[in-house]
Amino acid sequence: MDLLTIDSLRNEQIEEILDSGTRWLSDLREGRISSTPLRGRVVFNVFYENSTRTAMSFATAAARLGAQPISLSVEHSSVRKGETLEDTARTLGAMRPDVLVIRHKDNGAPAIVAEIVDAPVVNAGDGTNEHPTQALLDAATIRDHFGRIEGLKIAICGDIRHSRVARSNAKLLPRLGAEVRLCGPAALLPGDSEATDCIDDAVRGADVVMMLRVQRERLEDELGDAPGEYLARYGLTAARLALASPQAVVMHPGPMNRGVEIDDAIADHPVRSLINRQVEHGVAVRMACLEMLARGG
Ligand code: ASP
């Protein structure tokens with residue numbers, strides 16, 4: 001089994017990942033890991049795009065499970081000598097890792113690797129396509145905070161067009177019973193979605209406001225926004241958050257563009273911001289995913 005897209009997960013598997021993530025999270029918080037089911041295993045981390053949270057949390061998750069995480073430094077690898085993705089996959093596959101985690105700038109690259117490598121492959125973000133473990137950790141964070149996901153209104157705001165996080169969440173959260181509202185500036189919305197460019201409408205009455213980074217590295221044309229303009233028109237400020245439900249919480253997959261899509265005071269809000277909790281859940285949920293995959297699904 002591979003974990004390339006939310007679509008490939010059955011409902012029972014999603015429940016199992018969330019439940020097992022909850023158990024791993026309490027172990028992590030208590031500072032004692034009850035078992036190391038992947039002892040002696042090897043997890044390859046192959047990141048063709050930059051990462052702090054995802055790369056470190058997969059490595060941490062593997063280590064906590066007793067496995068040995070090994071990272072390919074793509075910058076220093078034969079990729080820079082022009083080796084193709086397929087040849088790199090054949091090479092890495094021949095080393096017989098137990099799980100291979102990959103991030104790539106091209107949509108579909110992890111699926112190509114999964115065709116070649118025998119080990120389970122995890123998509124840690126491919127281009128603008130999907131980032132399934134981010135959606136799973138987001139669901140875990142929401143469920144932990146509210147005790148449920150069913151019936152919640154979740155606004156996902158910002159650069160929807162380039163966001164693999166939005167795409168995976170828009171698949172996962174409705175399956176768990178949430179109402180998902182996508183919104184962003186018209187220039188950053190995909191042509192085929194039901195997203196709105198009215199942020200205030202999307203945020204009004206929402207239980208969760210998930211902000212997305214403006215992915216300037218993927219923009220063909222500059223947005224041309226003046227300093228402060230994005231925050232005022234589309235960003236999350238205290239005034240905009242006041243439109244949401246009184247108990248609304250704020251999420252962001254990181255890295256944040258502070259002062260662009262999110263105001264500092266909101267990002268660091270001691271009660272409303274779940275951003276660091278997302279990171280905590282990221283390790284636990286990735287432990288659950290690695291364990292499930294190494295077991296064979
Ligand atoms: N870290 C997330 C991703 O890799 C979100 C982002 O980069 O804005 O998709």
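Each ligand, and each atom within it, is numbered from 1 in the order the structure gives.
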Does ligand 1 have an atom that lies less than 4.0 angstrom from a heavy atom of Ser51?
no

Counting heavy atoms under 4.0 Å, the part of Glu49 that contacts ligand 1 is neither

Indicate whether the side chain of Arg103 and that of Thr54 have a donor and an acceptor atom separated by less than 3.5 Å.
yes

For atom 5 (C) of ligand 1, what is the closest protein heavy atom, and at what distance to 0.1 Å?
Gly254 O, 3.3 Å

Taking the basic N atoms (NZ, or NE/NH1/NH2) and the acidic carboxylate oxygens, is any pair closer than 4.0 Å for Lys105 and Glu217?
no

Pairing of Arg213 and Asp159 as salt bridge, 4.0 angstrom limit
no

Got the closest protein heavy atom to atom 9 (O) of ligand 1, with its distance?
Arg164 NE, 2.8 Å

Could you tell me whether the side chain of Glu15 reaches within less than 4.5 Å of the side chain of Leu176, counting heavy atoms only?
yes

Protein residue, atom and distance nearest to atom 7 (O) of ligand 1, heavy-atom basis:
Arg213 NH2, 3.0 Å

Near His131, which atoms of ligand 1 are under 4.0 Å from a heavy atom of that residue?
3 (C), 9 (O)

With a 4.0 Å cut-off on N to O distance, would you call Arg216 and Asp225 a salt bridge?
yes

